[in-house]
Protein chains: 2
Amino acid sequence: MAESDVLANAELEVLDAYWRAANYLSVGQIYLQDNPLLKQPLAIEHIKRRLLGHWGTTPGLNFIYAHLNRVIRRDDLDMIFICGPGHGGPAVVANTYLEGTYSEIYPKITRDAAGMGKLFRQFSFPGGIPSHAAPETPGSIHEGGELGYALSHAFGAAFDNPHLIVACVIGDGEAETGPLAASWNGIKFLSPKQDGAVLPILHLNGYKIANPTVLGRMSDEEVTSLFAGYGYEPVFVEGADPIPMHQRMAAVLDQVLVRIRQIQAAARTGQGNGNGSKRQTWPLIVLRSPKGWTGPKEVDGLKTEGFWRAHQVPLAGLADHPAHLAQLEAWMRSYRPDELFDDKGRLVGDIAKLAPDGARRMGANPHANGGLLKRPLNLPDFHDHAVKVDGPGGAQAEATRVMGGYLREVFRLNAETRNFRLVGPDETASNRLDPVFAVTDRVWMEPTIPEDVHLSQDGRVMEILSEHLCQGWLEGYILTGRHGFMSCYEAFIHIVDSMVNQHAKWLKVSRGLAWRQPIASLNYLLTSHVWRQDHNGFSHQDPGFIDHVVNKKADVVRVYLPPDANTLLWVTDHCLKTYDRINVIVAGKQPSPQWLAMDEAVKHCTAGIGIWDFASSDEGYEPDVVMACAGDVPTLETLAAVDILRQHLPALKVRVVNVVDLMTLQKQGQHPHGLDDRDFDGLFTTAKPVIFAYHGYPHLIHRLIYNRTNHDNFHVHGYQEEGTTTTPFDMTVLNRLDRFHLAIDVIDRVPGLAAGAAHLKQHLRGKLVEHEEFICRYGEDMPEIQNWSWPYKTAARTGD
Amino acid sequence: MAESDVLANAELEVLDAYWRAANYLSVGQIYLQDNPLLKQPLAIEHIKRRLLGHWGTTPGLNFIYAHLNRVIRRDDLDMIFICGPGHGGPAVVANTYLEGTYSEIYPKITRDAAGMGKLFRQFSFPGGIPSHAAPETPGSIHEGGELGYALSHAFGAAFDNPHLIVACVIGDGEAETGPLAASWNGIKFLSPKQDGAVLPILHLNGYKIANPTVLGRMSDEEVTSLFAGYGYEPVFVEGADPIPMHQRMAAVLDQVLVRIRQIQAAARTGQGNGNGSKRQTWPLIVLRSPKGWTGPKEVDGLKTEGFWRAHQVPLAGLADHPAHLAQLEAWMRSYRPDELFDDKGRLVGDIAKLAPDGARRMGANPHANGGLLKRPLNLPDFHDHAVKVDGPGGAQAEATRVMGGYLREVFRLNAETRNFRLVGPDETASNRLDPVFAVTDRVWMEPTIPEDVHLSQDGRVMEILSEHLCQGWLEGYILTGRHGFMSCYEAFIHIVDSMVNQHAKWLKVSRGLAWRQPIASLNYLLTSHVWRQDHNGFSHQDPGFIDHVVNKKADVVRVYLPPDANTLLWVTDHCLKTYDRINVIVAGKQPSPQWLAMDEAVKHCTAGIGIWDFASSDEGYEPDVVMACAGDVPTLETLAAVDILRQHLPALKVRVVNVVDLMTLQKQGQHPHGLDDRDFDGLFTTAKPVIFAYHGYPHLIHRLIYNRTNHDNFHVHGYQEEGTTTTPFDMTVLNRLDRFHLAIDVIDRVPGLAAGAAHLKQHLRGKLVEHEEFICRYGEDMPEIQNWSWPYKTAARTGD
């Protein structure tokens with residue numbers, strides 16, 4: 001069959017009519033506040049007072065959506081649509097309205113003239129809807145605000161969804177970003193056997209806001225070479241004339257679907273699905289169509305269709321330019337709305353039948369409202385992984401390795417459901433989570449060699465040296481109803497600051513939409529943290545991600561600083577049970593003393609904050625000083641300081657408060673986990689000095705407690721951006737978080753103590769000098785630091 | 001000449017000896033604290049107590065460096081070396097030691113046995129040097145901590161340096177990152193006529209920390225296709241056998257240098273240098289060599305050379321494994337140190353002559369210590385661009401457009417020096433900086449069409465839709481001694497959070513190195529800010545970048561919030577004169593009332609903070625309330641609130657304090673710009689309520705002032721993460737930053753005011769309802785909001 005004959009006339013007519021209807025609805029959204037069906041001549045009072053929105057990318061998106069509808073309906077495909085082009089809101093809204101999902105979700109937007117009027121009016125209107133595909137948009141799992149993540153979201157959605165096809169439109173603006181450029185490598189981690197397919201549609205309309213695009217100006221030859229290099233078979237659809245473009249697009253879609261089925265069938269029927277089989281080359285559609293296609297060719301004599309001037313609102317200033325108003329009317333009427341909608345504003349004839357039915361409609365596909373499909377994880381009993389702690393300091397453990405054992409069981413218990421993944425930039429083993437490799441591997445479609453370990457085509461751990469891809473994959477995975485964890489070096493998680501922003505915004509908006517079902521939380525384990533960069537030094541030290549997430553809405557954000565393995569276990573288990581949150585866990589991977597037996601850890605973590613009686617000497621009375629700590633290293637140094645103080649100043653009443661859940665510090669009204677003032681004052685007193693050893697930047701603590709009664713007396717020690725390649729203890733000294741500085745601060749701050757403790761202070765100063773000399777000589781910490789352990793043993797309480 | 005004959009025997013021997021020497025010095029750095037020349041049998045006391053560092057990438061880097069030396073010396077090339085592989089510190093240190101630059105900069109590290117001993121000992125040792133190429137490393141402009149930016153730094157260095165060749169090694173780990181993947185497009189912005197050359201050397205050693213790499217496992221065919229698609233001609237050097245590898249590398253280097261000269265000569269002699277001429281394809285070297293090349297083949301029976309186990313310290317636990325110690329000794333002796341170094345530890349014979357002389361040595365090239373070459377910008381008189389302001393509110397202007405006029409003159413005045421560039425992600429025009437296009441264009445090497453505007457091959461504005469590339473280019477440009485500005489949407493600057501971290505760390509360390517000369521500051525204009533996302537809504541709203549940079553060292557960071565055009569002019573001019581700083585300017589691009597005439601702006605900005613007498617009614621007395629503001633929109637709303645209060649409560653003594661330089665709020669000891677307590681208390685009183693309208697997240701203000709006398713009385717209004725697509729004024733209402741909420745807060749906070757102002761409060765509440773109803777109906781702000789202007793005219797003071 002010749003390519004020009006793929007579509008019979010009737011099918012072609014319906015397709016084109018559907019496309020015109022979507023284009024008409026898109027222009028209407030940008031411009032009209034009344035007269036939606038153009039029953040009257042267009043007048044200025046029908047035009048919105050503020051014209052906001054983006055036309056440029058829209059007609060191409062409408063074209064793609066219509067063609068996808070054809071094949072979904074014909075082949076009963078399970079397909080979702082990811083709209084990469086940022087400003088494609090009008091298109092996705094128009095199409096979900098045409099297919100009926102919009103009115104089902106928003107019943108006020110009826111499928112008639114009145115509803116169409118409301119549809120137009122609400123767009124980019126106060127209290128209305130944004131100009132991007134967004135949480136409000138049916139069928140979307142992707143916010144088109146910041147660009148770069150469409151394709152990694154697409155892969156995330158496809159993993160472990162073997163029957164799903166994720167159609168992902170990538171604009172040529174977005175294709176210039178780094179995260180998108182790296183995303184093409186996703187196929188090297190996508191199993192044709194167990195995962196679904198990603199169908200990238202690279203939409204080259206040639207222009208950004210005010211510039212040509214790099215890919216838009218590349219030759220077909222270069223584009224082909226580039227994507228062949230990435231492992232794809234690009235197929236081009238190029239032109240501006242609608243009829244041949246419809247025929248070509250239909251032919252190409254048929255062709256790529258055949259190819260996808262071939263690849264999957266080969267993998268699933270035992271041909272080429274074994275480990276070591278060659279990675280397949282996947283199809284990729286390159287659509288070259290004019291920016292602002294079918295819109296005004298010129299405005300005021302300047303090229304508009306097929307140029308960047310079509311990016312936003314091509315015709316503006318309508319009140320002052322009657323010619324523009326006339327041009328708009330001609331433009332809208334060029335879609336022949338009378339042939340598309342009846343008098344009541346309903347699609348006429350067979351046009352509506354192009355759309356698939358029910359959940360096959362891309363706006364109604366449950367994968368794009370992942371909470372609908374979400375199954376809770378089958379979680380192991382974390383008690384089974386508890387470190388036996390015979391009293392405080394009575395054991396050593398690597399906290400994240402213990403967590404790794406727990407996660408191994410999570411993999412094991414959910415092996416059949418295949419709804420849990422661990423992602424990270426090549427650090428699963430480095431971060432001591434390697435116990436998981438007892439039950440799963442790293443996924444890898446590339447060739448392997450005999451020496452490779454823990455690589456396989458059905459692995460569930462995903463490692464690529466791109467935090468952007470890790471984050472994008474995990475977001476796509478949880479947005480489609482699954483679960484996961486990301487582990488990362490603490491300093492480098494800032495790479496995804498802006499992605500976290502976008503996800504937090506998505507969650508905030510989604511929570512306000514009753515029809516969006518809750519999804520699993522986005523869980524981070526940040527380890528290899530600021531205090532333990534023994535190999536790497538200053539460049540790998542930054543605890544500021546906590547500050548970053550704390551700016552987000554309190555409903556969404558949780559920050560946990562478990563001081564040891566058992567508290568980390570509780571926190572991990574807890575985070576995996578939550579939904580619609582961003583949980584940040586910071587924990588150490590190095591061998592460290594363990595403080596709490598499991599039952600104590602449960603109690604402590606459930607409260608999120610509490611007095612550690614075993615370390616305190618206030619015995620229920622008002623203390624002279626509160627020693628607070630949050631984080632594993634600060635906790636260790638605080639307890640070592642307490643040891644010094646108890647030895648040398650036995651009469652001093654010290655209270656130790658440990659904080660696991662950082663958000664307990666904030667006021668109750670500011671964060672759901674915030675302590676009420678009475679409890680806070682009960683812990684921290686209303687007038688005694690508080691020496692607070694904190695994992696990160698000290699300012700964050702001041703910011704969280706600025707409106708607490710005793711805030712003037714908080715003296716926070718933390719990371720002061722003094723990093724280098726040095727020993728763990730020296731790092732604390734450089735930043736004055738060490739036991740000696742903490743103890744000196746107590747002496748300085750407790751009223752009346754200075755005189756009696758002058759000798760001790762001198763002794764501590766001497767210790768700091770001694771430390772300095774020792775590391776200069778030997779490059780390691782003094783034996784008394786390396787061998788220090790908590791000397792005040794109490795009986796183990798577990799099982800008592 | 002056959003490829004195997006490119007190097008004569010003598011040359012080959014010297015090259016190989018030089019490489020062995022560098023490898024020897026690299027292993028020595030990782031392991032030895034004594035016995036540097038192996039004069040005695042290796043014993044455990046010669047080994048460092050803590051073994052830290054990374055061997056894997058090092059021998060390949062040494063190989064490249066030695067070969068580059070050969071051609072630099074032969075052809076008298078001006079070349080710098082960018083070491084992308086994060087952990088390549090030992091290699092760059094070894095090579096700069098061999099060529100002599102290390103000892104010139106650090107005289108204690110002499111070129112003899114004693115110096116070599118110190119060189120070894122200091123590596124990854126407390127108080128020593130980091131394991132990466134870093135500011136401490138001679139010849140480096142690139143910190144190898146976080147990966148992804150080597151190639152964008154390389155392009156930044158090459159721009160406007162027509163005689164420079166930037167050799168840039170990219171590891172196959174780094175090549176997986178998004179920012180690096182996008183960086184290949186740099187050639188589409190590199191002029192063979194006016195810019196230098198970038199020579200990328202993709203070093204595929206096949207492995208990351210614990211995984212194969214994506215590019216490492218791709219076939220040569222796919223790699224070739226990929227880079228041909230990006231516009232390169234890849235040439236491969238593959239193997240493990242040193243002698244043929246030397247011959248091949250030498251042949252390939254000769255070949256690519258010929259090609260670079262061809263491209264440049266064609267462009268510079270008038271062939272193919274006109275606009276519209278075809279972009280050239282540039283050479284690219286792909287070096288496939290084993291990870292940990294020449295190191296232990298196996299350790300404990302497990303594959304090590306050519307595998308990820310060679311990544312860090314291949315032989316560990318030497319005290320407990322005598323066999324490992326013996327293996328280390330054999331490994332080190334395999335380089336035949338006796339043939340390389342004489343008894344005194346000096347390079348023997350002709351080996352040292354491989355290195356170039358003087359400033360041609362890559363460790364001594366002044367481009368890599370850009371401050372040496374930096375010429376101050378020739379700056380226009382900003383007074384010439386001042387907006388005439390006839391009293392407060394007496395003019396309207398778009399602040400960034402006025403700044404654009406000033407920047408146009410910066411381009412004009414420095415056109416010959418060619419040392420200023422403006423970068424941004426496709427937003428120069430959108431951000432109203434388009435006056436610059438009167439004197440320059442956007443640089444663009446791709447094909448053009450007749451309708452294109454302001455695109456040319458010698459443009460000095462750089463736009464690509466990648467904040468990462470913009471930032472990387474600008475960093476590379478200023479690190480090599482030039483100047484620039486980056487403009488960006490405020491929300492999306494978070495994309496480069498982590499890059500800003502790295503640059504701030506670079507500056508902090510550089511400032512401590514006397515030999516590193518100061519470089520121009522990294523200047524940001526953040527506009528299209530959180531309050532004016534009329535088109536884009538919630539996804540484009542985030543003012544948190546300020547919070548992010550404020551975590552960095554106070555010496556490095558400045559934040560400016562100029563409230564109008566004249567203050568923006570002063571701040572712009574000021575920032576272009578500073579060095580070694582990160583300057584963040586947040587300013588609006590929309591038409592807004594102007595408050596200060598130029599002389600007033602100069603006075604106000606010089607102080608950074610001050611009372612606005614024209615708006616205050618305290619007349620020199622203690623006010624009843626301080627209304628503080630920082631940012632253009634907060635300033636507008638504060639003045640509108642003051643207007644309401646003055647009208648309705650004429651007896652109320654209001655003081656208006658405007659903050660341009662945010663860091664004045666911090667304590668003097670915490671930031672160099674911080675006010676002393678007396679001045680701070682003088683402005684903000686010690687006990688009166690302060691209603692503070694702030695541009696960003698309110699917590700930042702609390703954090704900055706937490707230890708000021710009056711901090712309990714600060715009530716900060718700012719962005720509360722309540723965004724949507726709505727009108728500018730409605731945005732302020734949603735976040736309670738609007739005039740009505742501010743005035744209500746004054747009524748609530750000023751003691752004794754509540755009763756008498758109950759009626760006013762009710763009126764203001766009514767206004768909020770009225771506003772709500774109006775925008776729901778018309779989608780725009782009430783006329784009284786749109787038309788409000790400051791009613792209390794005073795005579796223009798300029799020229800008085």
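Naming convention: chains lettered A, B, ... in sequence-line order (proteins, then strands); numbering from 1 in each chain.
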Below 4.5 Å, heavy-atom pairs only: which of [options] has the largest tally toward chain B?
{"options": "Gly779(A), Gly537(A), Ala429(A)", "value": "Gly779(A)"}
{"options": "Tyr706(A), Tyr489(A), Tyr207(A)", "value": "Tyr706(A)"}
{"options": "Ala134(A), Gly173(A), Gly148(A), Ala491(A)", "value": "Gly173(A)"}
{"options": "Ile775(A), Ile495(A), Leu704(A), Thr428(A)", "value": "Ile495(A)"}
{"options": "Met731(A), Arg442(A), His54(A), Glu221(A)", "value": "Arg442(A)"}

Which of [options] touches chain A most, by non-hydrogen pairs under 4.5 Å:
{"options": "Gly127(B), Gly144(B), Gly178(B)", "result": "Gly178(B)"}
{"options": "Met499(B), Glu427(B), Glu463(B), Gln33(B)", "result": "Glu463(B)"}
{"options": "Asp730(B), Thr724(B), Asn185(B), Asp542(B)", "result": "Asp542(B)"}
{"options": "Glu467(B), Lys508(B), Glu174(B)", "result": "Lys508(B)"}

Pick one of side chain, backbone, both or neither for [X], based on which atoms fall under 4.5 Å of a heavy atom in chain B.
{"X": "His87(A)", "answer": "side chain"}
{"X": "Gln666(A)", "answer": "side chain"}
{"X": "Gln541(A)", "answer": "both"}
{"X": "Lys208(A)", "answer": "both"}
{"X": "Leu51(A)", "answer": "backbone"}
{"X": "Thr213(A)", "answer": "backbone"}

Closest non-hydrogen atom pair between [X] and [Y], with its separation:
{"X": "Asp426(A)", "Y": "Ala210(B)", "result": "OD1-N, 3.4 Å"}
{"X": "Gly544(A)", "Y": "Asn551(B)", "result": "CA-ND2, 4.2 Å"}
{"X": "Cys776(B)", "Y": "Phe125(A)", "result": "O-CE2, 3.5 Å"}
{"X": "Ser225(B)", "Y": "Ala228(A)", "result": "OG-CB, 3.5 Å"}
{"X": "Pro126(A)", "Y": "Thr727(B)", "result": "CG-CG2, 3.9 Å"}
{"X": "Val214(B)", "Y": "Lys188(A)", "result": "CG1-CD, 3.5 Å"}

Quick one: pull up [atom1] in [X] and [atom2] in [Y] and give me the separation to the nearest 0.5 Å.
{"X": "Glu176(A)", "Y": "Leu469(B)", "atom1": "CD", "atom2": "CG", "answer": "9.5 Å"}
{"X": "His548(A)", "Y": "Asp547(B)", "atom1": "NE2", "atom2": "CG", "answer": "10.0 Å"}
{"X": "Leu465(A)", "Y": "Thr177(B)", "atom1": "CG", "atom2": "OG1", "answer": "7.5 Å"}
{"X": "Asn501(A)", "Y": "His494(B)", "atom1": "CG", "atom2": "NE2", "answer": "5.0 Å"}
{"X": "Ile464(A)", "Y": "Asn211(B)", "atom1": "CD1", "atom2": "CG", "answer": "10.0 Å"}
{"X": "Gln502(B)", "Y": "Phe538(A)", "atom1": "CD", "atom2": "CZ", "answer": "9.0 Å"}

Query raised in the report: Should the pair Tyr230(A) and Tyr230(B) be assigned to parallel (<30°), tilted (30 to 60°) or perpendicular (>60°) ring geometry?
Result: perpendicular
Query raised in the report: Given His132(B) and His540(A), is the ring-ring contact (aromatic ring centres under 6.0 Å, His included) satisfied, shown in steps?
Result: CA-CA 11 Å; His132(B) 314 113; His540(A) 287 52; 5.0 Å; yes
[X] versus chain A, heavy atoms under 4.5 Å apart: side chain, backbone, both or neither?
{"X": "Glu772(B)", "result": "neither"}
{"X": "His699(B)", "result": "both"}
{"X": "Phe545(B)", "result": "neither"}
{"X": "Phe714(B)", "result": "neither"}
{"X": "Met218(B)", "result": "both"}
{"X": "Ile129(B)", "result": "backbone"}
{"X": "Phe227(B)", "result": "neither"}
{"X": "Lys505(B)", "result": "both"}
{"X": "Val509(B)", "result": "side chain"}
{"X": "Gln670(B)", "result": "side chain"}
{"X": "Trp506(B)", "result": "neither"}
{"X": "Glu143(B)", "result": "side chain"}

Requested in this report: May I have the step-by-step check of salt bridge (charged side-chain N to carboxylate O under 4.0 Å, His left out) for Glu780(A) and Arg50(B), ending in yes or no?
Outcome: CA-CA 7 Å; Glu780(A) 61 178 16; Arg50(B) 298 164 79 233; 5.9 Å; no
Note, [X] side chain near [Y] side chain (heavy atom, < 4.5 Å):
{"X": "Pro212(B)", "Y": "Trp444(A)", "answer": "yes"}
{"X": "Ile449(A)", "Y": "Phe307(B)", "answer": "yes"}
{"X": "His468(B)", "Y": "Pro179(A)", "answer": "yes"}

**Report entry** cation_pi(Lys48(B), Tyr778(A)) dist<6.0 Å, angle<=45
**Finding:**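 No, Lys48(B) does not sit over the ring of Tyr778(A).
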Requested in this report: Would you kindly check if the NZ (Lys) or CZ (Arg) of Lys552(B) is within the cone defined by 45 degrees around the ring axis of Tyr697(A) and under 6.0 Å from the six-membered ring centre?
Outcome: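 Cation-pi check for Lys552(B) and Tyr697(A): fails.
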Query raised in the report: Any side-chain donor paired with an acceptor under 3.5 Å for Asp712(B) and His711(A)?
Result: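 His711(A) and Asp712(B) do have a side-chain donor-acceptor pair below 3.5 Å.
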Requested in this report: Before accepting this row, confirm whether a basic side-chain N of the pair Glu222(B)/Arg279(A) lies closer than 4.0 Å to the acidic partner's carboxylate O.
Outcome: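 Answer for the salt bridge query: yes.
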Query raised in the report: With a 4.0 Å cut-off, would you call Asp452(B) and Arg217(A) a salt bridge?
Result: yes
Query raised in the report: Would Trp308(A) and Val453(B) count as a side chain to side chain contact (heavy atoms under 4.5 Å, CB included) if you check the C-alpha gap in whole Å, the side-chain angles of each, and the deciding distance to 0.1 Å?
Result: CA-CA 11 Å; Trp308(A) 52 258; Val453(B) 287; 3.4 Å; yes
Requested in this report: Please assess Glu722(B) against Lys553(A) for the test salt bridge (charged side-chain N to carboxylate O under 4.0 Å, His left out), listing each intermediate value before the final yes or no.
Outcome: CA-CA 9 Å; Glu722(B) 289 298 338; Lys553(A) 274 282 168 188; 2.7 Å; yes
